[in-house]
Visitor: 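Could you have a look at this structure, given as structure tokens, before my questions?
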Amino acid sequence: MKKTLLFLSLAVIGTGSVLAADPAKINWSKLPATNIPMFYPGQSSYEWLRSDEHKNAAKEVKRGDSCRSCHDEEDAEKDLGNKLVKANRLEPMPVAGKSGYKDLKVQAAYDAKNLYLRYQWKTDNAHAGTEHQYLRFDGKEWKVWGFPKLDKIVQDRQMQGIYEDRMSIMIDDGKVPGFAKQGCWLTCHDGQRDMPKQFTKAEVAANPMLTAIKKGDVRKYLPDSRTDPSDWKTGKTVEELAKLKAAGYFVDLIQWRAHRSTSVNMADDGYVLEWRLGDAGKDMFSGNSDKATHAPKYMWDAKKVGYKSITVDQLYNGDHFLVREKNAVPFDPNAGWKEGDMVPDYIVSREDAKGSAADNNAVGTWKDGMWTVVMTRPLGLTNDDDKNLKAGSVYNVGFAIHDDNITTRGHQVSFEKTLGIGVKKGTKVDINATKLP
Ligand code: HEC
């Protein structure tokens, strides 16, 4: 009897926690899957949707009608995406060869500790999009190499497109009016990067709210963070924003990044309110460029990986992650650098990730043209920058895929969806997480 008890308690210690499943061991083939249609949205901003350009729909969108109340035909997303990805009134800078539509397969499970979200989608490229921007030595200086494909420099073929793939989910617990019906489009506005009437540096520098929160550009924001939701310049005071946040007026934004988070089996943890903010604490990635010299802070440890840097011809052939605790050493300026040597522009570290920003784990594998990503998100988080996910509840969600070296609006997105965590049979949700045995 005593022996059995000892054995049992050791088993508990050995697995760390008996309550959490190992996402790799979940039998996903037994769990239901939902296909989420994902389409390229171009510059269909909050403002455009409320303008007369959105024919016969402006009034309804302003009133708060859901996108899907009109865009409900079969293949609505396919038709929208395939049109919007090419040159049109909502796409001034089309990316050659980009797909306007993707099927996203989503499965969900939970146990006493976590929610597990499994995603599968096909990539445009026949290789994993795990590369991110580099620092390249040009013979004299280190300069950033590789930019996202919507950047003018890439479109003008003066620079290679390099940017990590991403899988993102926005989550609302019902505290953001409108999100249930219009999803991510609440956060997407004119004035943002790659959007119409993009901000200028001078406008940002003169903006009271952005200077108060120390931000140098305009990113996703929720309508109530502005006195006029359609004008990014009308930000509320820091005190007013704090009140909104305390009342739960924000959406959680979890991003799995094929370079900067998957390299340490994590997904990042952020939220959207007056900006696309990171949670408190420290992300798993940091810039690798020294502020003063622009030279790298870290390089690869040649003793461990066989090289201290790579060159452009080695891209898209294996992963080139620079992980502080695994394969990095401090940069040596006297290591005989040659023109064309490249070191990642970001250093990643699980050990450095801290606090609320370090809540989410994820595993990503790419095989035969398809990403499979499993995000693990703890239930019951009580941080003031997280949605406290609970079994038995329903959340409003929106998904985004960034594929083929691109960022900002160059993604495929979903219309508004619902995610239940073990809700009762008969409750209408798009995705219902299954309780694990
Ligand atoms: C009242 C019905 C209605 C609602 C609600 C509605 N739309 Fe539309 N939408 C339309 C119609 C009709 C068109 C086509 C009009 C046109 O071609 O100008 C359209 C066009 C579009 C287009 C441009 C497609 C193209 O071919 O150029 C986008 C993008 C779009 N809607 C997105 C949305 C989103 C996102 C929402 C939710 C925030 C939404 N719509 C809500 C009716 C609606």
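As the structure lists them, so they are numbered: ligands from 1, and atoms in each ligand from 1. Note that these values count all heavy atoms, side chains included, but never hydrogens, waters or copies made by symmetry.
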Visitor: Think Lys390 forms a cation-pi with Tyr395, using NZ or CZ under 6.0 Å from the six-ring centre and within 45 degrees of its axis?
Guide: no
Visitor: So which heavy atom in the protein is nearest atom 37 (C) of ligand 1, and how far is it from that ligand atom?
Guide: Cys67 SG, 1.8 Å
Visitor: Under 4.0 angstrom from ligand 1, any heavy atom of Asn88?
Guide: no
Visitor: Nearest protein heavy atom to atom 32 (C) of ligand 1, by residue and atom, and its distance?
Guide: Leu49 CD2, 3.5 Å
Visitor: Please state which part of Pro41 comes within less than 4.0 Å of ligand 1, counting heavy atoms only: side chain, backbone, both or neither.
Guide: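 Within the 4.0 Å criterion, Pro41 makes no contact with ligand 1.
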Visitor: Using the ring centroid of each side chain, check whether Trp185 and Tyr46 are separated by less than 6.0 Å.
Guide: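 Ring-ring flag for Trp185/Tyr46: false, centres at least 6.0 Å apart.
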Visitor: Of all N/O/S atoms in His71, which lies nearest to atom 8 (Fe) of ligand 1?
Guide: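 It is NE2 of His71.
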Visitor: Of the backbone and side-chain N, O or S atoms of His54, does one lie nearer to atom 8 (Fe) of ligand 1 than 2.8 Å?
Guide: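 Yes.
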Visitor: Can the ring centres of His132 and Tyr346 be said to be less than 6.0 Å apart?
Guide: yes
Visitor: Pull out every atom of ligand 1 sitting under 4.0 Å from any heavy atom of Glu53, numbered as shown with elements.
Guide: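 Ligand 1 atoms under the 4.0 Å threshold to Glu53: 18 (O).
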Visitor: In plain terms, say whether Asp404 and Lys98 are close enough for a salt bridge, that is, a side-chain N and a carboxylate O under 4.0 Å apart.
Guide: no
Visitor: Could you point out which residue of Arg276, Lys245, Lys387, Lys220 forms a side chain to side chain donor-acceptor pair (under 3.5 Å) with Tyr271?
Guide: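 It is Lys245, the one option of Arg276, Lys245, Lys387, Lys220 that forms the side chain to side chain donor-acceptor pair (under 3.5 Å) with Tyr271.
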Visitor: Is it true that Glu274 and Lys236 make a salt bridge, defined as a side-chain N closer than 4.0 Å to a carboxylate O?
Guide: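 No, no charged N to carboxylate O under 4.0 Å.
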Visitor: Going by heavy-atom distance to atom 26 (O) of ligand 1, choose the closest among Lys62, Lys59, Lys83.
Guide: Lys83
Visitor: Please list the nearest protein heavy atom to atom 4 (C) of ligand 1 with its residue and the distance rounded to 0.1 Å.
Guide: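 Checked against all protein heavy atoms, atom 4 (C) of ligand 1 sits closest to Cys70 SG, 3.3 Å.
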Visitor: What part of Val61 sits under 4.0 Å from ligand 1 if we count only heavy atoms: the side chain, the backbone, both or neither?
Guide: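 Under 4.0 Å from ligand 1, Val61 contributes side-chain atoms alone.
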Visitor: Please confirm whether Ser66 approaches ligand 1 to less than 4.0 Å, judged on its heavy atoms.
Guide: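 Judged by the 4.0 Å heavy-atom criterion, Ser66 does count as contacting ligand 1.
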Visitor: Closest approach of His71 and Leu80, non-hydrogen atoms and distance?
Guide: ND1-CD1, 4.0 Å
Visitor: Would you mind listing which atoms of ligand 1 come within a distance below 4.0 Å of any non-hydrogen atom of Trp185?
Guide: 35 (C)
Visitor: Which protein non-hydrogen atom lies closest to atom 15 (C) of ligand 1, naming both residue and atom, and how far is it?
Guide: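 The closest one turns out to be Lys55 CB, 3.9 Å.
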Visitor: With a 4.0 Å cut-off on heavy atoms, is Lys181 in contact with ligand 1?
Guide: no
Visitor: In terms of side-chain geometry, is the basic nitrogen of Arg219 or Asp217 positioned less than 4.0 Å from the acidic oxygen of its partner?
Guide: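 Salt bridge between Arg219 and Asp217, a charged N being under 4.0 Å from a carboxylate O: yes.
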Visitor: Any protein heavy-atom neighbour for atom 2 (C) of ligand 1 (distance below 4.0 angstrom)?
Guide: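 Protein heavy atom within 4.0 Å of atom 2 (C) of ligand 1: present.
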Visitor: Can you tell whether the side chains of Asp252 and Arg377 come within less than 4.0 Å, N to carboxylate O?
Guide: yes
Visitor: Give the residue, atom name and distance (to 0.1 Å) of the protein heavy atom nearest atom 42 (C) of ligand 1.
Guide: Ala57 CB, 3.6 Å
Visitor: Please list the nearest protein heavy atom to atom 24 (C) of ligand 1 with its residue and the distance rounded to 0.1 Å.
Guide: Leu80 CD2, 3.5 Å
Visitor: Heavy atom under 4.0 Å from ligand 1: found in Trp48's side chain, backbone, both, or neither?
Guide: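 Answer for Trp48: side chain.
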Visitor: At a non-hydrogen distance cut-off of under 4.0 Å, which region of Ser44 contacts ligand 1 (side chain, backbone, both, or neither)?
Guide: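 Side chain only.
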Visitor: Does an N or O from Arg89, backbone or side chain, lie closer than 3.5 Å to an N or O of ligand 1?
Guide: yes
Visitor: Is a salt bridge present between Glu203 and Lys233, judged by a nitrogen-to-oxygen distance below 4.0 Å?
Guide: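 A salt bridge is present here (some side-chain N lies under 4.0 Å from a carboxylate O).
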Visitor: Quick one: is the NZ or CZ of Arg68 closer than 6.0 Å to the six-membered ring centre of Phe415, and within 45° of its axis?
Guide: no
Visitor: If the threshold is 4.0 Å, N to carboxylate O, is there a salt bridge linking Arg409 and Glu91?
Guide: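 Looking at Glu91 together with Arg409, the answer is yes, because their closest N to O distance falls below 4.0 Å.
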